[in-house]
Participant: 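Structure provided below as structure tokens; questions to follow.
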Amino acid sequence: MIKCVYPGSFDPVTSGHLDIIRRAAAMFDDVTVAVLVNKNKKPAFSVEQRMDFISRSTADLPGVHVDCFSGLLVDYMKNKNANLVIRGLRAISDFEYEYQMAAMNAKLAKNVETIFLMTDINHSFLSSSMVKELVYHGGDITGLVPDAIKDDVINKYRR
Ligand code: COA
């Protein structure tokens with residue numbers, strides 16, 4: 001069985017992320033969505049909230065698990081006994097960063113491969129920061145985040 005890991009900050013998970021998770025789940029039996037715990041970043045949502053958002057958004061997808069990690073991705077992959085990283089590519093601007101990360105991970109761990117899925121064209125403009133900014137200014141985020149978490153994202157900023 002091929003085990004793959006889709007890592008990210010997911011602050012919060014967007015419809016773009018969910019599209020990648022769905023497509024990965026259609027290809028692989030075991031997909032772990034791994035939320036990065038980064039002490040240097042100040043996320044809007046706690047790691048528990050971010051994991052809960054992903055769990056609720058992927059409840060209908062068999063084989064999808066949610067976890068968190070800190071430190072190096074390759075170390076986490078080793079602990080999980082997984083060697084495939086899934087990442088979404090939105091636009092040309094994502095390429096350089098993703099290329100560097102994939103190359104560094106491959107250098108750190110010879111058995112780790114990265115597979116890129118092209119982000120759905122409808123989500124190619126989307127980012128978690130944009131969602132948060134929209135909500136903050138009263139914009140409509142329908143369709144930009146999974147329906148299951150929309151109200152929680154809105155409530156965070158409009159209490
Ligand atoms: N649709 C919509 N938006 C997407 C997307 C998609 N398919 N894919 C990415 N994004 C957006 C995210 O919303 C996020 O937006 P934001 O910047 O406004 O928050 C941005 O793209 C990037 O986020 P994400 O995909 O969550 O990745 P990341 O850059 O936050 O995290 C890790 C990348 C976790 C994989 C990486 O930092 C990591 O592995 N860290 C551990 C340390 C390590 O091993 N480093 C590598 C070797 S030094």
Side-chain angles (χ1 to χ4, degrees), residues 3-28 31-47 49-55 57-58 61 64-80 82-137 139 141-147 149-150 152-153 156-157:
K3 282 185 170 184
C4 62
V5 172
Y6 178 31
S9 302
F10 306 109
D11 187 34
V13 66
T14 68
S15 300
H17 292 128
L18 185 57
D19 171 60
I20 300 288
I21 299 169
R22 280 190 189 288
R23 286 156 57 201
M27 287 187 281
F28 304 105
V31 178
T32 299
V33 184
V35 177
L36 175 68
V37 182
N38 185 346
K39 297 216 165 67
N40 299 320
K41 269 193 179 177
K42 235 184 160 283
F45 297 95
S46 69
V47 65
Q49 275 175 315
R50 286 180 276 156
M51 288 173 69
D52 175 57
F53 285 175
I54 300 166
S55 297
S57 307
T58 58
L61 296 175
V64 173
H65 317 280
V66 185
D67 197 6
C68 62
F69 76 105
S70 55
L72 289 179
L73 176 63
V74 290
D75 291 336
Y76 174 73
M77 304 280 298
K78 198 172 168 192
N79 286 339
K80 292 283 295 179
N83 47 22
L84 200 62
V85 179
I86 303 283
R87 293 287 290 168
L89 267 187
R90 283 169 304 172
I92 299 165
S93 53
D94 276 348
F95 179 79
E96 199 173 339
Y97 171 63
E98 294 296 339
Y99 173 78
Q100 284 180 336
M101 213 158 53
M104 181 55 83
N105 285 334
K107 186 171 170 51
L108 292 170
K110 291 271 171 287
N111 61 339
V112 168
E113 282 289 352
T114 304
I115 287 191
F116 296 101
L117 298 181
M118 295 306 294
T119 296
D120 181 281
I121 192 89
N122 295 316
H123 302 126
S124 57
F125 58 91
L126 189 54
S127 73
S128 300
S129 307
M130 216 173 257
V131 164
K132 287 178 278 192
E133 193 169 339
L134 255 180
V135 174
Y136 185 77
H137 294 292
I141 57 165
T142 306
L144 303 184
V145 297
D147 290 343
I149 69 160
K150 184 182 149 191
D152 297 274
V153 176
K156 164 100 188 166
Y157 291 93

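We count ligands from 1, going down the list as the structure has it; atoms in each ligand are counted the same way. Small disclaimer: the values here were computed from a predicted structure and weren't measured.
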Participant: With side chains defined as the heavy atoms from C-beta onward, is the minimum distance between Val33 and His65 less than 4.5 Å?
Facilitator: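 Val33 does not reach His65 side chain to side chain.
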
Participant: Which pairs pass side chain to side chain donor-acceptor pair (under 3.5 Å) with one or both residues in residues 98-118, sequence neighbours excluded?
Facilitator: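 Residue pairs with at least one partner in residues 98-118: Arg87-Glu98.
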
Participant: Quick one: do the Lys3 and Thr32 side chains pair a donor with an acceptor below 3.5 Å?
Facilitator: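 Result is no, nothing qualifies.
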
Participant: Could you check whether any side-chain N or O of Lys132 sits under 3.5 Å from a backbone N or O of Asp11, counting only pairs where one atom can act as donor and the other as acceptor?
Facilitator: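 Yes; at least one donor-acceptor contact below 3.5 Å.
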
Participant: Heavy atoms, side chains only, cut-off 4.5 Å: are Ser70 and Leu36 in contact?
Facilitator: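 No. Closest side-chain heavy atoms not under 4.5 Å.
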
Participant: Considering only heavy atoms, which protein residues lie less than 4.0 Å from any atom of ligand 1?
Facilitator: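 Contacts of ligand 1 under 4.0 Å: Pro7, Gly8, Ser9, Phe10, Thr14, Gly16, His17, Ile20, Leu36, Lys41, Phe69, Gly71, Leu72, Leu73, Arg87, Arg90, Tyr97, Met101, Met104, Asn105, Thr119, Leu126, Ser127, Ser128, Ser129.
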
Participant: Within a strict 4.5 Å, meaning less than it, do heavy atoms of the Phe28 and Ile86 side chains meet?
Facilitator: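 Phe28 reaches Ile86 side chain to side chain.
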
